[in-house]
Protein chains: 2
Amino acid sequence: MTAGVPIFSPGASEDLLSGGRSLRRALAEQPYHMVERDAVIVAADDRDPPVVQIHRGMAYRSFTLADGRRAIVDILIPGDIVGVDHAVLGRANHDIVATGRMGYRALSAATARELMTDPQIAIRALALIGEARWRADRHITAITRLDAHGRIGAFLLGIYERLRRRDLIARPTFNLPLTQEQMADHLGLTLVHVNRTLRRLRGERLALIDRQVVIILDIDGLHGLVRGLPEPSYLPEPWMGENSDWPASELPATAVLR
Amino acid sequence: MTAGVPIFSPGASEDLLSGGRSLRRALAEQPYHMVERDAVIVAADDRDPPVVQIHRGMAYRSFTLADGRRAIVDILIPGDIVGVDHAVLGRANHDIVATGRMGYRALSAATARELMTDPQIAIRALALIGEARWRADRHITAITRLDAHGRIGAFLLGIYERLRRRDLIARPTFNLPLTQEQMADHLGLTLVHVNRTLRRLRGERLALIDRQVVIILDIDGLHGLVRGLPEPSYLPEPWMGENSDWPASELPATAVLR
DNA sequence: CGGCGGATTGAAGGGAATCAATGCTTGTGG
DNA sequence: CCACAAGCATTGATTCCCTTCAATCCGCCG
């Protein structure tokens, strides 16, 4: 650990990078799991749920209301590490579900707790939850103040940005393994209205969504729909350390994090 | 710090409590600030914003879209500590604004970074952001799948629970220093519809909201509106350490954390 | 007393939900 | 190899919750 009483004027960048490496190394030692669509990786009432890193495919975090309605609060893409807070809180309280064939590694809560005693890793964990909360904030802003048109635009741009930033894609085309019903549960709309809106985006030549393939035709146009929504670009550089270790993937075949 | 290779089977409770104490102690040494309504404590583009602890009154975190529309993503009550992630991320990206006369203490980002090298404090910080993200998740669920009626019910219950848990109130009556417009910006509704819905709650004898005083008349009835929404009751016990140091406050006069 | 911000209330329009069919793909079995 | 089932996507018709527009009211303060 950093000795003495370090004062990082320029920020905690070094610790962030180093902690990120340690965390990823620990995860890399864990067995690789492969599951099918709708597999529940973590259930809401699991005790001491593990920390999970997505490697291939996507997953979502969701809550299910008593009447069966569901809210998908976050989408997880390859490279995302979720649940570092589980180690502290002891309960996830939400489900984590695969949206399709998905590969991941998991770190037990106990192991995660041990790792957290390393300040660098703790800092990194802090940044990880911070990023998740940032996504949550952006999402809240979108569904609070944008209509269906804007929400879907924000959603597509958000996923696109995240994939690109992680070097999982290079062009504005990617695989999105979600049904329209899942998008609806994420955006606070109905399946029917999501469908109509996607079709409308197509008509406006902003984006094409066919089956599970998204092709963004007019990025600037889409940005126009979500003007003023917090820009993800604020994410600090150290963030980038998340990839670079791994080769970039491409297009329609679901992005893969090795 | 905890020596050796500690394995907390029962969880990180001790560290959480100890870290919480240290953090609060550090905050207690900072000067007390008092501001008026609409004062901006942290602006979206501030560099290295401080960690803030609310002592008296309430505040909110918000994003403002390009066209001026606003989304209030979180409400902060006395005792809440926000921005521990600022120390790591270096940017808040959202505004933190007082909803009325408000008292708080602030810890500079640099000092906060120093504190984070203490694993116990880091664990506590992790729990703090975890709690914030939990609130965000609950809120997303509410605005994604509940109508105006349910959203307001969930909102009132949520604030009530938080105040009660922190021993700031003992009965289902409290001061809520928010205008209907602010509630609207928080719940994704319009001021007009918030007004109608509050009035409807009154008609149903579920809750009375007059001026800034909330009186919950039928807690079970309100719970019926939000059936299935994640229960805040899951928050771990160590949490409770947040208060107990301070005497409880009461009623219409805004709750105060000493 | 006049003015101002917030709260209320009415009327009309619109975006999204709901209800209901009908395509389209893919996987399975005869 | 084709029929068939199942799940998802698509589309039309209708309903309704919420927004928008517009006044009016009310409590507070200089």
Side-chain angles (χ1 to χ4, degrees), chain A residues 36-38 65 67-72 97-101 142-155 175-204 207-215 225 252, chain B residues 36-38 60 65 67-72 97-101 142-153 155 175-204 207-215 225 252:
Chain A
E36 296 304 314
R37 177 214 169 108
D38 292 334
L65 302 209
D67 60 6
R69 282 184 303 176
R70 177 182 60 173
I72 292 179
V97 183
T99 67
R101 177 173 292 256
I143 59 184
T144 297
R145 285 294 168 238
L146 298 182
D147 60 9
H149 204 212
R151 289 183 204 181
I152 293 204
F155 171 64
N175 192 282
L176 185 65
L178 289 176
T179 65
Q180 294 183 353
E181 181 170 23
Q182 289 166 337
M183 287 189 229
D185 285 343
H186 183 50
L187 301 173
L189 301 169
T190 56
L191 164 170
V192 173
H193 202 58
V194 165
N195 184 296
R196 287 195 229 275
T197 308
L198 287 179
R199 162 159 313 286
R200 179 175 162 198
L201 286 180
R202 191 179 69 183
E204 298 168 324
L208 277 176
I209 295 87
D210 183 62
R211 212 74 35 172
Q212 315 222 299
V213 177
V214 175
I215 302 178
L225 297 185
Chain B
E36 296 303 315
R37 178 213 167 109
D38 292 333
Y60 60 82
L65 302 210
D67 60 6
R69 283 185 302 177
R70 177 181 59 172
I72 293 180
V97 183
T99 68
R101 179 174 290 256
I143 60 183
T144 298
R145 284 294 168 237
L146 298 182
D147 60 9
H149 203 213
R151 289 183 204 180
I152 294 207
F155 171 65
N175 193 282
L176 185 65
L178 289 176
T179 65
Q180 294 183 353
E181 181 171 23
Q182 288 166 337
M183 287 189 229
D185 284 344
H186 183 50
L187 300 173
L189 301 168
T190 56
L191 162 171
V192 172
H193 202 58
V194 165
N195 184 295
R196 288 194 228 276
T197 308
L198 288 178
R199 158 160 315 286
R200 180 176 163 198
L201 287 179
R202 191 179 69 184
E204 298 168 324
L208 277 176
I209 295 87
D210 183 60
R211 212 72 35 172
Q212 315 222 300
V213 177
V214 175
I215 302 178
L225 297 185

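Order of the sequence lines sets the chain letters (A, B, ...), proteins ahead of strands, with each chain counted from 1. In what follows, every heavy atom counts, from backbone to side chain, and hydrogens, waters and symmetry copies are set aside.
- Rounded to whole angstrom, the span from the CD atom of B/Gln212 across to the C1' atom of D/dG27 amounts to 13 Å.
- Heavy-atom distances under 4.0 Å link DNA chain D to B/Thr190, B/Val192, B/His193, B/Arg196 of residues 190-201 of chain B, given in residue order.
- The distance from the CG atom of A/Leu178 to the OG1 atom of A/Thr99 is 5.0 Å, given to the nearest 0.5 Å.
- Across the protein-nucleic acid pair, A/Arg211 atom CZ and D/dA9 atom P stand 8 Å apart, rounded to whole Å.
- At whole-Å resolution of the value, CG in B/Leu146 and C1' in D/dC17 are 14 Å apart.
- As rounded to whole Å, 16 Å separates atom C1' of D/dT19 from atom CD of B/Gln180.
- Aromatic rings from B/His186 and B/Phe155 are positioned such that their centres are separated by under 6.0 Å.
- Note on A/Arg151: nothing from the nucleic acid sits closer than 4.0 angstrom, heavy atoms only.
- Taken to the nearest 0.5 Å, the OG1 atom of A/Thr197 stands 10.0 Å off from the CZ atom of A/Arg151.
- Note on A/Asp185 versus B/Arg145: salt bridge recorded, some NZ/NE/NH1/NH2 to OD/OE distance being below 4.0 Å.
- Residue A/Leu176 contributes atom CG, which lies 15 Å from atom P of D/dC8 at whole-angstrom precision.
- Rounding to whole angstrom units, CD of residue B/Glu36 and P of D/dC29 are separated by 13 Å.
- Atom C1' of nucleotide D/dA9 and atom CG of A/Asp210 are separated by 10 Å, given to the nearest angstrom.
- Contact check for A/Leu198 versus A/Gln180: side-chain heavy atoms found under the 4.5 Å cut-off.
- Atom CG in B/Leu187 sits roughly 16 Å away from atom C1' in D/dC17 (whole-Å rounding).
- Qualifying salt bridge (Lys or Arg N to Asp or Glu O under 4.0 Å) partners for A/Arg69, counting only residues two or more places apart in sequence or in other chains: A/Asp67.
- Bracketed by its first and final contacts, the part of DNA chain C lying under 4.0 Å from non-hydrogen atoms of chain A reaches from C/dA16 to C/dT25 in 5' to 3' order.
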